[in-house]
Visitor: 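One structure, as structure tokens, below. Some questions next.
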Amino acid sequence: MVKTRKLFGTDGIRGTANRFPMTVEVAQKLGQAAGLHFIHGTHRHRVLLGKDTRLSGYMIECALVSGFLSAGMDVTLVGPMPTPAIAMLTRSLRADLGVMISASHNPYGDNGIKLFGPDGFKLSDEMEARIEAAMNSDLTDRLAAPDQIGRASRLNDAAGRYVESAKSSFPRGLRLDGLRIVIDCANGAAYRVAPTALWELGAEVVRIGCDPNGININEGCGSTRPEALCAAVLRHRADIGIALDGDADRVLISDEKGRLVDGDQILALISKSWARQGRLAGRHIVATVMSNMGLERYLDTQGLELVRTAVGDRYVVEKMRELSANIGGEQSGHMVLSDFATTGDGLVAALQVLAEVVETGRPASEVCTLFQPYPQLLRNVRFVGKSPLHDPKVQEARAAAEKRLGDRGRLLLRESGTEPLVRVMAEAEDEALVKAVVEDMCEAITAIQMAD
């Protein structure tokens, strides 16, 4: 059984556009290998292909189309659409495979490729490994005969289908009339669909980050730069603000006072709301190791249990399926609500928050703040070559830091799944202790790099 993956990371293949592995050659080979992997039976097989607004999306899209067609798959193009829309449409249209071209929250110079199975879920590590193994082999003799080469077409009503799907997650009988909402789409994939859905539900919509030009995705806007959203909420005297990332699978909120609401608070809000309405499946809420201890303590007061996974929404989804849970997410804003979606969906999650604001008649500042988070600090240390995490001196520093924290807090060290970074995070009730622990760990990792 193949287990090694070198191209695929925690969220598909990602890298600098036009540089390995995000090259035309790799994309075409991926199209061939993934297409052949999903061809079973004699029916006409179809792949649904979407992208965000990056300039390099045109290049990667053409290469993938070429690969899929040569494998004998028909390709349905939908243009710029959110990642959750691709997952939804893949299942809705009974496609054999779904593909999203996006580097999510990364700057425009990066791009990536995410794959979804016919059930709308991201592929397993094992399946990605099998596809990668096929990419490293000679596929020539397996490609389609001349009369079996695929055809490409465009789905013109894809945006409308997703808008209606997202709106259906909003409780019947409720409207957003009277609410002024700032929506920041990060100049990304949701720049058309998200404002449209909010407006059709009755809101007065103020749009920012909705003018993509191919190179401004995530630039000074969106969930990775929420300062623009918070300022716009105050400037327009809005009731609430919503920030999505480049492919709209993340969301952060600004309350009417311009204060940021992160994914942990959103998780707490939706969990409490659904539990009250009897919509919560079981008592488990799934989050990652990055979620704040304050969330864990809050859920405990509600009779709910926080179950942690490795970082990455795919791992959250896997644990949710294992536990039959219907709410999961990440502090960064990935919100997976399996009643409505198979992957993170920023717009659908935002609509659940808005539903609570409408139903309670209370301002967002009251609705969205449910617990006091523990002081938490995250810093990144860039490295070159092999990861420094396994170095004895780093392990020694880690043991010392964990001893200092004791049972009053926790330390997390992990490699980024998309960049050569070590992420150092600590949290505890004592903010000064948190800062000291993180600084010492970063210094220890940097010293190893300098020694090398």
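One is the number of the first residue; the rest follow in order along the sequence.
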Visitor: Taking it one step at a time, do Ile60 and Ile113 satisfy side chain to side chain contact (heavy atoms under 4.5 Å, CB included)?
Guide: CA-CA 9 Å; Ile60 301 300; Ile113 303 171; 3.9 Å; yes
Visitor: Charged N to carboxylate O below 4.0 Å: is that the case for Glu128 and Arg314?
Guide: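 Salt bridge present between Glu128 and Arg314.
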Visitor: Can you tell if the side chain of Ile181 reaches within under 4.5 Å of the side chain of Ile242, non-hydrogen atoms only?
Guide: yes
Visitor: Could you grab the distance from atom CZ of Phe20 to atom CD1 of Ile13, nearest 0.5 Å is fine?
Guide: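 Between atom CZ of Phe20 and atom CD1 of Ile13 there are 8.5 Å.
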Visitor: When rounded to the nearest 0.5 angstrom, what is the spacing between CG in Asn380 and CD1 in Ile445?
Guide: 10.0 Å
Visitor: Treating Glu415 as the side-chain partner and Ser387 as the backbone partner, does any N or O pair qualify as donor plus acceptor under 3.5 Å?
Guide: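 Pair absent, no side-chain N/O of Glu415 close to backbone of Ser387.
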Visitor: Using modelled atom types only, decide if a donor and an acceptor are shared between the side chain of Glu132 and the backbone of Lys6 within a distance under 3.5 Å.
Guide: yes
Visitor: Taking the side chain as every heavy atom from C-beta outward, state whether Ser416 and Arg423 have any atom pair closer than 4.5 Å.
Guide: yes
Visitor: Output, in order, the C-alpha distance, side-chain angles, deciding distance and verdict of side chain to side chain contact (heavy atoms under 4.5 Å, CB included) for Glu305 and Ile285.
Guide: CA-CA 6 Å; Glu305 180 181 352; Ile285 307 300; over 6 Å; no
Visitor: Below 4.0 angstrom, N of the basic side chain to O of the carboxylate: do Arg91 and Asp119 qualify?
Guide: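 Looking at Arg91 and Asp119, the cut-off is not met.
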Visitor: What is the distance from atom CZ of Phe340 to atom CZ of Phe170, rounded to the nearest 0.5 Å?
Guide: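 If we round to the nearest 0.5 Å, Phe340:CZ and Phe170:CZ are 11.0 Å apart.
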Visitor: Please determine if Lys122 and Asp313 form a salt bridge, counting it only when a charged side-chain N lies under 4.0 Å from a carboxylate O.
Guide: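 Result for this pair is yes, salt bridge flagged.
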Visitor: What's the separation between atom NE2 in His37 and atom CZ in Arg142, rounded to the nearest 0.5 Å?
Guide: 10.0 Å
Visitor: Find the distance between CZ (Arg279) and CG (Leu337) and round it off to the nearest 0.5 Å.
Guide: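 If we round to the nearest 0.5 Å, Arg279:CZ and Leu337:CG are 8.5 Å apart.
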Visitor: When rounded to the nearest 0.5 angstrom, what is the spacing between CD1 in Ile86 and OG1 in Thr342?
Guide: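 So the gap between those two atoms works out to 11.0 Å.
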Visitor: Determine yes or no for a side-chain-to-main-chain donor-acceptor pair under 3.5 angstrom, with Asn326 supplying the side chain and Ala281 the backbone.
Guide: yes
Visitor: Tell me if the CZ atom of Arg225 is crowded by more than 12 foreign heavy atoms within 6.0 Å.
Guide: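 No, the 6.0 Å shell around CZ holds no more than 12 heavy atoms from other groups.
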Visitor: Relative to Tyr374, does Arg297 satisfy both conditions: NZ or CZ under 6.0 angstrom from the six-membered ring centre, and within 45 degrees of the ring's axis?
Guide: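 Because its charged atom misses either the 6.0 Å distance or the 45° angle limit, Arg297 does not stack over Tyr374.
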Visitor: A quick test of your reading: do over 12 heavy atoms of other residues, nucleotides or ligands sit less than 6.0 Å from CD of Glu439?
Guide: yes
Visitor: Using a strict threshold of under 4.0 Å (side-chain N to carboxylate O), is an ion pair present between Arg404 and Asp440?
Guide: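 Between Arg404 and Asp440 there is a salt bridge, with a charged N closer than 4.0 Å to a carboxylate O.
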Visitor: Considering only heavy atoms from C-beta outward, does the side chain of Leu299 approach that of Phe371 to under 4.5 Å?
Guide: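 SC-SC contact between Leu299 and Phe371 ruled out.
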Visitor: Under the 3.5 angstrom rule, does the side chain of Glu427 hit a backbone N or O of Leu377 as a donor-acceptor pair?
Guide: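 It does not hold such a pair.
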Visitor: With heavy-atom distances below 4.5 Å as the criterion, would you say the side chains of Pro226 and Ser254 are in contact?
Guide: no
Visitor: Using the side-chain hydrogen bond (donor to acceptor under 3.5 Å, both in side chains) definition, which of the options Thr16, Asp110, Asn111, Asn18 pairs with Ser56?
Guide: Asn111
Visitor: I need the minimum non-hydrogen distance between Ser365 and Arg259, along with the two atoms involved.
Guide: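 Looking at all heavy atoms of both residues, the shortest contact is CB-NH2, 3.4 Å.
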Visitor: Taking atom types as modelled, is there a side-chain donor on Asp245 or Ser104 under 3.5 Å from an acceptor on the other?
Guide: yes
Visitor: Evaluate the criterion side chain to side chain contact (heavy atoms under 4.5 Å, CB included) for residue pair Leu49 and Leu64; output intermediate values, then yes/no.
Guide: CA-CA 9 Å; Leu49 182 56; Leu64 281 169; 4.0 Å; yes
Visitor: Count the heavy atoms of every other residue, nucleotide or ligand shown that sit under 6.0 Å from CD of Glu402, and state whether that count exceeds 12.
Guide: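 Yes - once you tally the heavy atoms of other residues, nucleotides and ligands closer than 6.0 Å, there are more than 12.
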Visitor: Counting distance only, does the side-chain N/O of Ser137 pair as donor-acceptor with the main-chain N or O of Ala134 below 3.5 Å?
Guide: yes
Visitor: Would you say the side chain of Val233 lies within less than 4.5 Å of the side chain of Ile240, judging by non-hydrogen atoms?
Guide: no
Visitor: Going by an N to O cut-off under 4.0 Å, is there a salt bridge joining Glu61 and Lys51?
Guide: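 Yes.
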Visitor: Determine whether Val367 and Leu269 make a side-chain contact, defined as any pair of heavy atoms from C-beta on separated by less than 4.5 Å.
Guide: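 Result yes, sub-4.5 Å side-chain heavy-atom pair found.
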Visitor: Do side-chain atoms of Glu330 reach the backbone of Thr288 as a donor and acceptor pair under 3.5 angstrom?
Guide: no
Visitor: Show the nearest heavy-atom pair for residues Met335 and Ala349, with the distance to one decimal.
Guide: CB-CB, 3.4 Å
Visitor: Tell me whether Thr23 contacts the main-chain N or O of Arg19 through its side chain, where contact means a donor paired with an acceptor under 3.5 Å.
Guide: no
Visitor: Are Lys114 and Phe8 in a cation-pi contact, defined as NZ or CZ under 6.0 Å from the six-membered ring centre and within 45° of the axis?
Guide: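 Not flagged: Lys114 not positioned over aromatic ring of Phe8.
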Visitor: Would a 4.5 Å heavy-atom cut-off, applied to side chains only, mark Ser169 and Val348 as touching?
Guide: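 Sidechains of Val348 and Ser169: in contact.
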Visitor: Main chain of Pro212, side chain of Thr53: is a donor-acceptor contact present, judged purely on distance under 3.5 Å?
Guide: no
Visitor: Is the side chain of Arg250 donor-acceptor paired with the backbone N or O of Gly344 at a distance under 3.5 Å, no angle test?
Guide: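 No, because the side chain of Arg250 does not come within donor-acceptor range (under 3.5 Å) of the backbone of Gly344.
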Visitor: Measure the shortest side-chain to side-chain distance between Leu115 and Ile131 over non-hydrogen atoms and say whether it is less than 4.5 angstrom.
Guide: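 The answer is yes, as the side chains (C-beta and beyond) meet within the 4.5 Å cut-off.
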Visitor: So does Pro363 get a backbone contact from the side chain of Glu256, meaning a donor-acceptor N/O pair under 3.5 Å?
Guide: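 No, because the side chain of Glu256 does not come within donor-acceptor range (under 3.5 Å) of the backbone of Pro363.
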Visitor: Looking only at heavy atoms, which two atoms of Leu411 and Val424 are closest? And how far apart?
Guide: CD1-CG1, 4.4 Å
Visitor: Walk me through it: do Asp345 and Tyr162 pass the test side-chain hydrogen bond (donor to acceptor under 3.5 Å, both in side chains)?
Guide: CA-CA 11 Å; Asp345 192 321; Tyr162 174 67; 2.9 Å; yes
Visitor: Does this structure show an ion pair linking Arg130 with Glu126, if we count only N-O contacts that are shorter than 4.0 Å?
Guide: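 Here Arg130 pairs with Glu126 in a salt bridge, since their nearest N and O are under 4.0 Å apart.
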Visitor: Looking only at heavy atoms, which two atoms of Asp211 and Asn216 are closest? And how far apart?
Guide: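 Heavy atoms only, the tightest pair is O-ND2, 2.9 Å.
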Visitor: Please find the pair of heavy atoms, one from Asn218 and one from Arg54, that lie closest to each other, and give the distance.
Guide: ND2-NH2, 3.7 Å
Visitor: Give a yes or no on whether a salt bridge exists between Asp255 and Lys257, defined as a side-chain N under 4.0 angstrom from a carboxylate O.
Guide: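 Judged by the 4.0 Å cut-off on N to carboxylate O distance, Asp255 and Lys257 do not form a salt bridge.
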Visitor: Should Val47 and Thr76 be marked as a side chain to side chain contact (heavy atoms under 4.5 Å, CB included) after you check the CA-CA gap, both sets of side-chain angles, and the distance that decides it?
Guide: CA-CA 6 Å; Val47 55; Thr76 300; over 6 Å; no
Visitor: Count the heavy atoms belonging to other residues, nucleotides or ligands that lie under 6.0 Å from OH of Tyr108, then report whether that count exceeds 12.
Guide: no
Visitor: Can Glu318 and Arg321 be counted as an ion pair, charged N to O under 4.0 angstrom?
Guide: no
Visitor: Between Asp96 and Pro118, what is the shortest heavy-atom contact and its length?
Guide: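 Scanning both residues, the minimum pair turns out to be O-CD, 3.4 Å.
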Visitor: Using a 6.0 Å cut-off, check whether atom CD of Glu219 has over 12 heavy atoms from anything other than its own residue.
Guide: no
Visitor: Could you tell me if Ser291 and Arg308 have a donor-acceptor pair between their side chains, going purely by distance under 3.5 Å?
Guide: no
